[in-house]
**Student:** 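I'd like to ask you about the structure that follows.
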Amino acid sequence: MKKNRINVSRREFLISSSQLGAGFTLGLYLPNAAFGKTVQQGAAEESATEVPEVNAWVVIEPDDTVIIRIARSEMGQGTLTGLAQMVAEELECDWSKVTTEYPTPGQNLARDRVWRSFSTGGSRGIRDSHSYVRKGGAVARYLLVEAAAEQWGVPMSECRAASSVITHVPSGRKTTYGKVAAAAAESIPPDEVTLKDPKDWKLIGKPVKRLDTDDKLNGKQVFGADLSLPGMLNAAIKACPVFGGKLKSFDAAKVSKLPGVRTVVAVEDNAVAVVAETWWQAKTALDALPISWDEGENATVSTASIEQMLDEGLTSSDRVFVGNENGDVKKSLPAAMKTVEATYRYPFQNHATMEPMNATARWTEQRCEVWCPTQNGAAALDAAAEAAGLPVEKCEVYKIHLGGGFGRRGSFHDFVKQAVAIAKQMPGIPVKLLWSREEDMAHGHYHPITKCKLVGGLDEKGNLSSLHVRISGQSILASVRPKSMKNGVDMAIFQGFRADGDHAISYSVPNLLVEHAMRNPPVPPGFWRGVNINQNAIYLECFVDELAHAAGRDPLEFRRALMSSHPKSLAVLNAVAEKAGWGKPAAGGVHRGLAVVKTFGSYVAACAEVSVDSNGKLKIHRIVAATDPGYAVNPQQIEAQVSGSFVYGLSALLYGECTIKGGAVEQTNFHDYPSMLIKEMPEVETIVMPSGGFWGGIGEPTIAVAAPAVLNAIFAATGKRIRQIPLKNIDLRSA
Amino acid sequence: MAKLKINGKIVDIDADDSTPLLWVLREQLGMTGTKYSCGIGICGACTVHINGEAVRSCVVPVSSLDSSQAITTIEGLSTDNSHPLQQAWKELDVPQCGYCQPGMIMTAAVLLNNKPNPTDEDIDAGVTNICRCGTFKRVRQGIHLAADISKRGRS
């Protein structure tokens with residue numbers, strides 16, 4: 001069946017992974033491709049010389065190159081390759097000819113959200129889109145086979161596709177995808193296609209290499225900070241260091257004669273930017289610019305004042321929400337044979353992506369365009385439109401590879417709004433805004449701060465009969481997405497404590513009460529790789545370890561007794577215990593600790609091996625980690641994510657802390673906010689054990705088991721129970 | 001106007017004396033493979049070679065350089081990803097986001113020059129670059145593999 005459909009122009013895919021080497025060149029002319037027109041109008045004028053798409057997900061060039069469109073963002077986690085594998089699996093194409101490109105969020109809107117969500121967070125890239133992404137590949141295959149069958153005048157049912165070759169089985173005739181792609185593009189896609197049974201997958205589950213490595217080896221990979229457009233100027237920015245503070249005044253005359261300086265502008269109500277020919281000139285002038293701030297009501301906020309707020313919440317009955325409850329803790333706890341009580345704490349932490357925040361914007365009264373590294377192109381587009389004062393149809397965002405995301409570049413596009421606000425004051429001129437590391441440290445959306453008081457009751461057999469968990473502290477949702485809360489409750493704070501679902505507790509406790517006293521200090525919180533499971537896994541897994549020791553029981557055996565209704569969690573725990581040799585002697589001075597959680601839909605566990613010398617120096621020797629994500633799309637990338645998550649998680653454990661003084665973050669750069677180095681990297685052994693039947697996340701889950709497993713191992717080594725992090729503040733010499 | 005020798009070519013530089021080499025590379029010469037991350041010489045994302053030593057270019061003022069020094073950037077390490085480290089990195093899929101990797105590779109290249117068969121302890125001492133994605137496990141494997149590739153190349 002023929003269709004009368006206009007394809008989106010290939011040329012509109014400005015920045016694609018396949019083209020990034022040429023990204024600069026493309027940037028010269030492509031932003032204007034759809035300037036002032038709808039996408040379709042722009043495309044109609046240009047599509048004559050271009051290869052039409054087979055469908056929204058697949059373009060096939062005459063030379064059989066397969067271009068797969070990826071809506072989610074690649075930020076190192078490998079989703080670009082994993083999602084391409086899923087399309088290619090159903091497409092039955094030649095994997096060696098696959099390349100990828102990003103559609104833009106503007107095209108997505110213009111095409112009725114054909115690529116659906118652009119959001120890349122919550123370890124959702126693959127698990128949320130596997131179904132429609134595979135369908136995209138299957139529909140494209142259908143259209144290609146149908147086109148070949150039509151050309152041959154044979155029934156489709158007699159044709160088979162494999163590795164980009166279509167064969168008419170009875171006659172042995174063959175053709176390739178590249179030869180029939182143009183005809184396939186003319187057909188109307190079927191409404192329904194049958195997806196393969198997972199047992200028939202050939203590409204999904206294979207440890208294929210990443211598609212985006214080559215340019216990362218020689219400096220060709222273009223990140224947002226590297227972008228260059230003709231006539232572009234560069235901006236450096238400083239916002240009021242005190243949260244909520246405003247810009248009062250600045251003395252532009254003092255710097256306006258400095259080399260390269262073009263202008264000094266107020267940005268929104270709290271920041272000032274210098275725009276210059278080069279960024280170094282802009283930053284040099286900004287450092288010399290006299291600025292006065294109206295610091296506002298938060299100028300006296302400190303770590304100590306926030307601590308008081310959290311302490312009050314540990315015992316208060318005011319603004320307390322229940323996240324999970326069964327049995328009757330208040331009756332059962334007093335009846336326990338033995339009770340154990342402990343209070344833990346988790347600090348503010350910065351994402352500290354290697355590439356500081358940045359965005360490039362060009363604004364005119366008719367149109368606003370933004371080039372930026374973002375975890376959510378659609379949200380970036382909304383932010384651009386809001387700041388531009390233009391309808392969203394007159395704006396566009398071109399996604400560029402991210403130099404790290406970790407949650408910082410997903411829900412927050414403060415840097416986009418600022419770039420547009422600057423560009424708006426210089427119509428027609430592209431301006432690249434790049435934050436300094438110091439600005440990045442001062443204006444994060446920080447890992448939320450919480451404390452947690454836990455009281456556990458043991459029965460006469462040493463089993464956990466009741467557990468009362470009171471979390472006090474900051475809600476991310478209250479700050480970021482208040483509309484997603486129900487009756488003022490932030491259920492996300494109960495990650496790892498929930499009764500069921502993606503973030504369910506791994507234990508059955510006869511009497512359980514988990515509460516949150518919401519206390520929101522005026523420091524902006526954000527989603528930070530792992531989100532709330534980072535602290536909750538420490539709270540629960542270290543406390544369970546405390547309970548096991550109080551009961552005089554082995555921590556593994558104590559956990560197992562609580563896990564008979566949690567077979568998948570038990571399986572990953574058993575896997576790490578067995579591989580690490582739990583119960584068998586470790587090397588001299590080496591001690592082990594365990595942790596297990598279910599989070600982001602996956603079951604994960606870790607066993608850490610550490611030693612602590614007589615000077616209190618910690619060495620983390622090895623971590624054995626197991627993950628059951630249901631389906632494992634690319635085991636090699638899972639291994640890389642698990643191993644990498646421990647660097648992020650252990651950096652947080654060892655060093656991660658932002659303290660507050662005078663309403664501002666005290667840390668300014670990597671000298672006072674360190675990140676772990678290769679010399680501190682433990683051996684990581686990853687067990688990938690997909691049990692099938694569900695789709696769990698990968699990017700985040702294991703980060704949460706690193707810290708509690710190490711802390712429990714430190715207890716085993718020293719007898720010291722560490723209840724607050726980072727460890728840089730703690731004397732680890734034996735108790 | 002200063003002259004620098006970068007990747008074997010003499011180039012003219014027009015920048016204030018205090019401008020760090022990093023920003024001359026990035027903004028005057030368009031060589032953006034060398035990355036800005038901390039600006040204070042800690043993270044190593046801006047690592048280049050000056051006369052064969054690994055140097056953090058964000059803290060080297062251009063005024064301290066002249067054309068007698070041989071500066072090599074990631075763009076000059078090889079023309080075709082053929083350096084043993086680039087081969088090893090590709091074989092092992094080392095990069096994740098990739099932002100720190102040019103600096104990581106340039107640091108490792110000097111390590112390998114000085115110690116063709118580095119031990120794990122040599123790697124611990126010689127590689128002090130920050131990677132927030134956490135590629136360290138593969139970086140270590142990659143350096144060992146590159147040492148093997150170099151040996152095969154020589155034999």
Side-chain angles (χ1 to χ4, degrees), chain A residues 24 74-78 209-210 212-223 225-226 228 234 259 277-281 284 351-356 401-406 434 436-438 636-637 640-641 643-648 651 669-671 674-679 681 683-684, chain B residues 15-16 18-20 22-24 26-28 30-40 42-43 45 73-75 77-81 83 85-87 89-91 93-102 105 120-121 123-125 127-140:
Chain A
F24 289 98
E74 176 60 47
M75 50 188 166
Q77 84 281 37
K209 293 234 170 78
R210 295 176 66 114
D212 56 343
T213 296
D214 283 1
D215 287 350
K216 292 178 177 175
L217 307 179
N218 52 25
K220 282 186 187 154
Q221 177 72 63
V222 175
F223 296 88
D226 302 329
S228 180
N234 289 274
E277 285 163 25
T278 71
W279 187 77
W280 182 254
Q281 291 168 334
T284 303
H351 294 83
T353 58
M354 290 305 287
E355 180 195 27
H401 261 44
L402 294 77
F406 314 120
L434 172 64
S436 65
R437 174 61 56 194
E438 289 76 14
Q636 172 170 292
Q637 287 313 309
Q641 282 303 293
S643 173
S645 79
F646 289 158
V647 175
Y648 209 69
S651 292
N669 206 317
F670 287 125
H671 67 289
S675 191
M676 71 180 268
L677 302 178
I678 200 167
K679 68 179 178 187
M681 179 76 186
E683 205 179 306
V684 174
Chain B
D16 272 23
S18 61
T19 308
L22 169 67
W23 295 101
V24 170
R26 290 179 58 82
E27 300 199 299
Q28 282 216 6
M31 299 167 75
T32 54
T34 306
K35 303 301 181 194
Y36 165 69
S37 183
C38 74
I40 58 171
I42 287 184
C43 77
T73 69
I74 185 72
E75 290 88 352
L77 191 66
S78 77
T79 53
D80 52 0
N81 277 0
H83 187 281
L85 283 163
Q86 290 168 319
Q87 292 182 49
W89 252 235
K90 184 173 169 65
E91 170 67 28
D93 257 2
V94 174
Q96 291 190 23
C97 88
Y99 195 81
C100 74
Q101 296 296 324
I105 290 171
D120 280 339
E121 290 69 31
I123 293 171
D124 286 347
V127 179
T128 55
N129 300 44
I130 293 176
C131 170
R132 296 287 285 164
C133 295
T135 58
F136 294 143
K137 179 178 174 179
R138 282 181 161 81
V139 166
R140 187 184 297 283

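Quantities reported herein were computed from a predicted structural model and do not represent experimental measurements. Just so we're on the same page: letters track the sequence lines, and every chain starts at 1.
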**Student:** Side-chain contact test, heavy atoms from C-beta onward, threshold under 4.5 Å: evaluate it for B/Lys35 versus A/Phe223 and give yes or no.
**Tutor:** yes

**Student:** Measuring heavy-atom distances to chain B, does A/Gln637 have an atom under 4.5 Å in its side chain, in its backbone, in both, or in neither?
**Tutor:** side chain

**Student:** If you count heavy-atom pairs under 4.5 Å with chain A, which of B/Glu91, B/Glu75, B/Arg140, B/Arg138 comes out on top?
**Tutor:** B/Arg138

**Student:** Return the option, out of B/Ile105, B/Thr19, B/Val94, with the maximum number of heavy-atom pairs under 4.5 Å with chain A.
**Tutor:** B/Thr19

**Student:** B/Ser37 and A/Pro356: which non-hydrogen atoms are nearest, and at how many Å?
**Tutor:** O-CG, 3.9 Å

**Student:** Sort A/Ile678 into side chain, backbone, both or neither according to what part of it lies under 4.5 angstrom from a heavy atom of chain B.
**Tutor:** both

**Student:** When you measure from the side chain of A/Asn669 to the backbone N and O of B/Cys38, does any donor-acceptor pair fall under 3.5 Å?
**Tutor:** yes

**Student:** Taking the inter-plane angle between the rings of A/Trp280 and B/Trp23 on a 0 to 90° scale, is it parallel (under 30°), tilted (30 to 60°) or perpendicular (over 60°)?
**Tutor:** parallel

**Student:** Is A/Asn234 close to B/Glu27 at the side-chain level, that is, under 4.5 Å between some pair of heavy atoms?
**Tutor:** yes

**Student:** If you round to the nearest 0.5 Å, how far is CZ of B/Arg132 from CD of A/Glu355?
**Tutor:** 14.5 Å

**Student:** Mind checking whether A/Met354 and B/Ile130 have side chains closer than 4.5 Å, heavy atoms only?
**Tutor:** yes

**Student:** Quick one: does B/Pro95's side chain get under 4.5 Å of A/Leu217's, heavy atoms only?
**Tutor:** yes

**Student:** Nearest 0.5 Å please: distance from the SG atom of B/Cys131 over to the CE atom of A/Met676.
**Tutor:** 10.5 Å

**Student:** For A/Gly404 and B/Cys97, work out which heavy atoms get closest and say how close.
**Tutor:** N-SG, 3.5 Å

**Student:** List the atom of B/Gln96, the atom of A/Lys216, and the distance in Å for their closest heavy-atom pair.
**Tutor:** O-NZ, 2.6 Å

**Student:** Would you mind checking which part of A/Phe406 comes under 4.5 Å of any heavy atom in chain B, side chain (CB onward), backbone (N, CA, C, O), both or neither?
**Tutor:** side chain

**Student:** For chain A, find which of B/Pro20, B/Ala125, B/Ala45 contributes the most heavy-atom pairs closer than 4.5 angstrom.
**Tutor:** B/Pro20

**Student:** Please give me the minimum heavy-atom distance between B/Asp16 and A/Pro259, naming the atom from each residue.
**Tutor:** OD2-CG, 3.5 Å

**Student:** Is there side-chain contact between A/Glu438 and B/Ile40, with heavy atoms separated by less than 4.5 Å?
**Tutor:** yes

**Student:** So for A/Ser436, is it side chain, backbone, both, or neither that comes closer than 4.5 Å to the heavy atoms of chain B?
**Tutor:** both

**Student:** With a 4.5 angstrom heavy-atom cut-off, is it the side chain or the backbone of A/Ser651 that approaches chain B, or both, or neither?
**Tutor:** side chain

**Student:** Rounded to the nearest 0.5 Å, what separates atom CD1 in B/Ile42 from atom CZ in A/Arg437?
**Tutor:** 10.5 Å

**Student:** Any heavy-atom pair between the side chains of A/Met681 and B/Asp124 that's under 4.5 Å?
**Tutor:** no

**Student:** What residue in A/Gln77, A/Glu74, A/Lys679 has the most heavy-atom pairs under 4.5 Å with chain B?
**Tutor:** A/Lys679

**Student:** Which heavy atom in A/Ser643 sits nearest to a heavy atom in B/Lys137, and how many Å separate them?
**Tutor:** OG-CB, 3.5 Å

